[in-house]
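Only one structure is covered here, and it is reproduced in the block below.
Note that these values count all heavy atoms, side chains included, but never hydrogens, waters or copies made by symmetry.
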Amino acid sequence: MNSNNLQTIYVMWLREMKRFFRAKSRVIGTLAMPFFFLFTMGFGFNSGFSLPGISSNINYIDYLVPGIIGMTMLFTSMSAGISVLWDKEFGFLKEIMVAPVSRVAIVLGRIAGGVTTALIQGILILILSLFMGFKITNPLSILLGVVFMILIGIGFIGFGVAIASIMEDTQGFSLIMQFIIFPIFLLSGTFFPITNFPNWLRPFSYIDPLTYGIDGLRGSLIGFSQFSLVLDLTVLVIFSLAMVVLGAWFFNKTEV
Amino acid sequence: MNIIEVKNLTKEFDGFKAVDNISFDVEEGEIFGLLGPNGAGKTTTIKMLTTLLTPTSGEGRVCGFDILKERDKVRNSIGIVFQEPALDNRLTGRENLDFHARLYELDKKTRQKRIEEVLEMVELKDKADIIVRDYSGGMQRRLEIARGLMHYPKVLFLDEPTLGLDAQTRRHIWDYILKLNQREKITIILTTHYMEEADYLCRRMAIIDFGRIVALDTPENLKNILGGDVISVEVEPAEKAFSAFQKIPWAKKVTQHNGVIDLNCEQGEKKIPLLMKIDQKELGFEIKSISLRKPTLEDVFLHFTGKTIREAEASNNEKNKKRMRRRVRK
């Protein structure tokens, strides 16, 4: 990769940072939902009984927090990817598209920016959860957790860029929300083990990449996972690479 | 030297020819205009020349580079101000310029110097650190012009640069355009559907209608095609004067309607004194009033398209609505 492409990635990242730190209300807005989930579900289910599928020596709050972090990553990453659509709506995409720079570098820059902001929000949730009694057994495990967060981020930003590149305007945005993001979120085992799903529903969880992301987060943060961490990592690496290619490919074809 | 060369350029959208086989050249250093109603194909033409749209057929060269095969070289040598705003309205004016400068790989020193230069040119220096969302429409447009100039382009494309601006702001923008054409020696190609804008700014212009160029020349020459100025003489009795006027050698065309005789001629203001020297008493008529009318581009447009630009826009809007409806039904 030549210096020109690195410069493009850096500029796109820099823009994202400036916008992020300026839009405090937006940050609070996106953090509110995972926080409320964390708050209500955490206190609601933590009253001593154990949920089927979770071994009784694990507190529900410990089980829940990695799920909520995964959920935060999903929502912030998707919205970072879909922001291509807002640039289209506000015309700024044209400014980017007429610049003599590689389209792939633009997508990579957007992913770099989106991953950074999503990671900041994911870590904020993690810090908040410490106040609610979440216990990290091994501080080093946070590093592995961050790797999972980054992979979830890259994958869903790439996915969001691909969707936003196909869509012509923001009209279909709520459809995307209802029929893509929410199913991914609800099937991923955020709140309870996916083994609790009936047999016919479970395959949907298995094809949901976030399932492996949250399982990996759980494995690294609390040492409890359904799959092996190697499987989780493998699936996420493949998923995120595939989504970067997909996002870059569709973005390259978009006309403004 | 031609800085832009366009040959048989065509763009089709689902069978509809938005741009239909157009050819033209733009000379280095001139202000060239594409004049036509909304929906005539001006923006589509600009989008093809700026590599945002791929032509269905035909070819074009900008600064010697092929718009299909050498896209990045074309992109590097042009600046663009789009019809709709294309600013990041959460960043400040300066940050928007900085973003642009970095994308075009200006080094830090050049970047800082150039930002000050272009801000000064559009008189936005004191507003540079305000978030763009709080700019007025005119300020945004000026910032976009400044941004288009950041990377020292050879050609600047302006797509409807004064659309939606009030008359005073429009004047200001015109002055900036003329100033930078002269000061920066930059070639400017602009689209507009305002006659007076094309007349005021353009050295040469192409009139475009239904995706085709129907006329291309300097505004002066285009107006002269209509037979120059029109002197309207109110006279009594008209018949006698009519036969007398028909013998005037400088009158290209003499027509009569409702007691008024129209004389087509060149440099009409110099012909009025000649008219007054005619011995009215001997010929038996009396001139009541004389008025001189210079043809406008509106007359030129009417001449070439058979309708005024407003009528053309109304019919285009109707057509576009039908197309949209068809698309929805699909």
Measure the spacing between [atom1] of [X] and [atom2] of [Y] and express it to the nearest 0.5 Å.
{"X": "A:Glu95", "Y": "B:Leu87", "atom1": "CD", "atom2": "CG", "answer": "8.0 Å"}
{"X": "B:Arg90", "Y": "A:Phe90", "atom1": "CZ", "atom2": "CZ", "answer": "7.5 Å"}
{"X": "A:Arg19", "Y": "B:Asn89", "atom1": "CZ", "atom2": "CG", "answer": "7.0 Å"}
{"X": "B:Tyr104", "Y": "A:Asn4", "atom1": "OH", "atom2": "CG", "answer": "12.0 Å"}

Counting only heavy atoms not in [X] (residues, nucleotides, ligands), do more than 12 fall under 6.0 Å from its [atom1]?
{"X": "A:Phe179", "atom1": "CZ", "result": "no"}
{"X": "B:Tyr194", "atom1": "OH", "result": "yes"}
{"X": "A:Gln178", "atom1": "CD", "result": "yes"}
{"X": "B:Lys125", "atom1": "NZ", "result": "yes"}

Problem - Check: B:Phe99 and A:Met12 side chains under 4.5 Å, non-hydrogen atoms - result: yes
Practice task
Could you tell me whether the side chain of B:Ile131 reaches within less than 4.5 Å of the side chain of A:Arg22, counting heavy atoms only?
Solution key: yes
[X] versus chain A, heavy atoms under 4.5 Å apart: side chain, backbone, both or neither?
{"X": "B:His151", "result": "neither"}
{"X": "B:Ile80", "result": "side chain"}
{"X": "B:Lys47", "result": "side chain"}

Problem - Check ion pair B:Asp88-A:Lys18 (N to O, under 4.0 angstrom) - result: no
Problem - With A:Val101, the side chain to side chain contact (heavy atoms under 4.5 Å, CB included) member among B:Asp72, B:Leu103, B:Asn76 - result: B:Leu103
Practice task
Start with the C-alpha gap between A:Lys94 and B:Glu84, add the side-chain angles, then the distance that decides, and say whether side-chain contact (heavy atoms from CB on, under 4.5 Å) holds.
Solution key: CA-CA 10 Å; A:Lys94 283 194 224 116; B:Glu84 293 101 20; 3.2 Å; yes
Practice task
Locate the shortest heavy-atom distance separating A:Gly91 from B:Ala86; write the atom from each residue and the value.
Solution key: O-CB, 3.2 Å
Handout entry: Derivation of the side-chain contact (heavy atoms from CB on, under 4.5 Å) call for B:Arg102 and A:Leu14
Key = CA-CA 11 Å; B:Arg102 286 173 189 267; A:Leu14 190 67; 4.0 Å; yes
Fill in the blank from the handout: So, the part of A:Ala23 with a heavy atom under 4.5 Å from chain B: the answer is side chain
Problem - Greatest number of heavy atom pairs closer than 4.5 Å to chain B - which of A:Asp87, A:Ile106, A:Val98, A:Thr8 - result: A:Val98
